[in-house]
Amino acid sequence: DAISETDHAGIVPFGDGSCEIKCADGFQTASIIEHYFSGQKIKKQKPCQNKSVKIDLQQMLKNETLEWIEIIFEKE
């Protein structure tokens, strides 16, 4: 799949902030899975609003360091 049409992506954040990713046509929600170096995973659901999803980035969570973020777009 082209990156603009994929239903599965990953990002590696460096620091705190936010990231806005465009949702391809037909996708309604995104599962955001934060992967930490300890092996812990935190899953969140975000709606695709105005054909994009905004992801808040936080490098540290209670002494846990964020390794990467997995994004799975869903059509419902």
Side-chain angles (χ1 to χ4, degrees):
D1 290 340
I3 195 165
S4 63
E5 298 173 357
T6 189
D7 64 350
H8 204 152
I11 58 172
V12 178
F14 292 92
D16 298 340
S18 64
C19 176
E20 191 167 340
I21 299 178
K22 184 178 177 183
C23 301
D25 288 338
F27 292 114
Q28 303 296 316
T29 61
S31 292
I32 311 298
I33 306 166
E34 298 173 343
H35 295 262
Y36 291 86
F37 279 106
S38 67
Q40 179 180 354
K41 296 178 187 177
I42 297 175
K43 184 176 181 179
K44 303 172 184 176
Q45 288 288 119
K46 293 265 188 164
C48 290
Q49 296 177 325
N50 298 321
K51 294 192 176 187
S52 68
V53 62
K54 184 177 179 183
I55 302 168
D56 295 319
L57 306 174
Q58 186 176 354
Q59 193 67 40
M60 297 292 293
L61 177 68
K62 298 180 185 175
N63 296 328
E64 295 277 350
T65 303
L66 181 63
E67 183 178 8
W68 68 288
I69 297 174
E70 182 177 7
I71 307 156
I72 304 169
F73 293 103
E74 300 163 356
K75 293 187 178 185
E76 289 188 311

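Please read these numbers as outputs of a predicted model, since none were measured by experiment.
Grouping Ile, Leu, Val, Met, Phe, Trp and Tyr by side-chain contacts under 4.5 Å, direct or through others, puts I55 with I11, I21, F27, I32, Y36, I42, V53, L57, L61, L66, I69, I71, F73. Grouped by direct or indirect side-chain proximity (heavy atoms under 4.5 Å, Ile/Leu/Val/Met/Phe/Trp/Tyr only), V12 sits with F14, W68. Applying the under-4.5 Å side-chain rule to Ile, Leu, Val, Met, Phe, Trp and Tyr, the cluster around I72 extends to I33.
Residues in residues 57-68 take part in no salt bridge (charged side-chain N to carboxylate O under 4.0 Å, His left out) pair, two or more places apart or across chains. Counting only residues at least two apart or in different chains, ring pair (Phe, Tyr, Trp, His ring centres under 6.0 Å) contacts with residues 37-61 are absent. Judged as a ring pair (Phe, Tyr, Trp, His ring centres under 6.0 Å), not a single pair has a partner in residues 40-63 (not counting sequence neighbours). Contacts classified as disulfide bond (SG atoms under 2.5 Å apart) and involving residues 34-76 (residues at least two apart or in different chains) are given here: C23-C48.
By the side-chain hydrogen bond (donor to acceptor under 3.5 Å, both in side chains) test, N50 is found to be paired with no residue, residues two or more places apart in sequence or in another chain being considered. Under the side-chain hydrogen bond (donor to acceptor under 3.5 Å, both in side chains) criterion, K46 pairs with no residue, sequence neighbours left out. Under the side chain to side chain contact (heavy atoms under 4.5 Å, CB included) criterion, Q45 pairs with T29, S31, K43, E74, sequence neighbours left out. K22 is linked by a side chain to side chain contact (heavy atoms under 4.5 Å, CB included) to nothing, counting only residues two or more places apart in sequence or in another chain. Judged as a side-chain hydrogen bond (donor to acceptor under 3.5 Å, both in side chains), and not counting sequence neighbours, the contacts of E20 are S52.
Proximity of E34 to K44: side-chain heavy atoms (C-beta onward) are separated by under 4.5 Å at one or more points.
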